[in-house]
Amino acid sequence: PFGSGKSVNLNGNQYVTVSDGGDESTFDGGNAFSISTWVKKWPDGNWEPYVSKRGEGGQGWQIRRHSGDAANISFTLRGPGNDDWFVTKNINDNQWHHLVGAFGSGKRKIYVDGALLGSENRPGNVNPTGSQLVFGARDNSGNAGNAPVIGNQANVWLDDVRFYKVALTD
C-alpha cells in the first residue's frame, strides 16, 4: 500500500480463491496460525470477510466485519469457542490499515496497525474445512470435492495477504 507494487481491488463483488490443489487443509489453522493483511475500505455488508477459510457452519475461520457494526473487527474461529470475538477500531476512513489475527499457545489476538487491540485466553483447535481460502469473500462449499460456493463479497482492497502456521508474537 505504500510502495510501487500493486494491491487487489475487490470492488464489484470480486474475490480471489486460493486452492492447495488437494483436500484444502493447508490453511485450516489447527491449533496455531496467523493471518496478516493490509486492508482499505470497510466491508459493505454484515459479517463480510477480508480473508476467510469458511468460518461458518462450525468450520474454519475469518477476519471480518462484526455483524452490522461500524467499527468492530471480528477474528472468527469455529471450534475453540467464543466464535465471533471482536475488537473495536474504526478503520472506515479510506486509508490503508494492517490487520493481524493470531491464534495459538492458548491465546487469540487482534492487532491493528501494529497495536495489540485485544487478547483473550482461547485454547483448542479450529475445526477443519474443505472450503478454499478466499480473499474478499467466503467459500460456503465446506467440502474440497465441491466447486467453491462464493458469497458475502466484501468489496474491499487487499494487499500483502500472509498466512503463517504459527501464532505471531508481539
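With rounding to the nearest 0.5 Å, the separation of CD in Glu120 from CZ in Phe75 is 10.0 Å. Annotation: the span from Asp93 atom CG to Lys41 atom NZ amounts to 12.5 Å, rounded to 0.5 Å. Rounded to the nearest 0.5 Å, atoms CG (Asn72) and OG (Ser67) are 9.0 Å apart.
Lys40 meets the side chain to side chain contact (heavy atoms under 4.5 Å, CB included) test with Asn94, Trp96, Trp157; sequence neighbours excluded.
Applying the salt bridge (charged side-chain N to carboxylate O under 4.0 Å, His left out) test to residues at least two apart or on different chains, none of the pairs has a partner in residues 94-106. Residue pairs meeting the salt bridge (charged side-chain N to carboxylate O under 4.0 Å, His left out) criterion with at least one member in residues 45-71, sequence neighbours excluded, are Asp28-Lys53, Glu56-Arg64, Glu56-Arg78, Glu56-Arg138, Arg64-Asp84.
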(Q) Run His66 and Trp85 through ring pair (Phe, Tyr, Trp, His ring centres under 6.0 Å) and show every step you take. (A) CA-CA 9 Å; His66 184 268; Trp85 177 75; over 10 Å; no
Q) Under the ring pair (Phe, Tyr, Trp, His ring centres under 6.0 Å) criterion, do Trp61 and Phe103 qualify, and how do the steps go? A) CA-CA 11 Å; Trp61 56 267; Phe103 172 67; over 10 Å; no
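Shown here for Ile63 and Val100, the closest heavy-atom pair between the two residues is CD1-C, 4.2 Å. The two residues Lys109 and Ser119 come nearest to each other via the heavy atoms CG-OG, 3.7 Å. Pairing each heavy atom of Pro80 with each of Pro123, the nearest pair is CB-O, 3.6 Å. Between Gly136 and Leu158, the shortest heavy-atom distance links the atoms N-CD1, 3.9 Å.
Aromatic pair Tyr15/Phe135: centroids not less than 6.0 angstrom apart.
In this structure, a donor-acceptor pair under 3.5 Å is absent between the side chains of Asn92 and Asn90.
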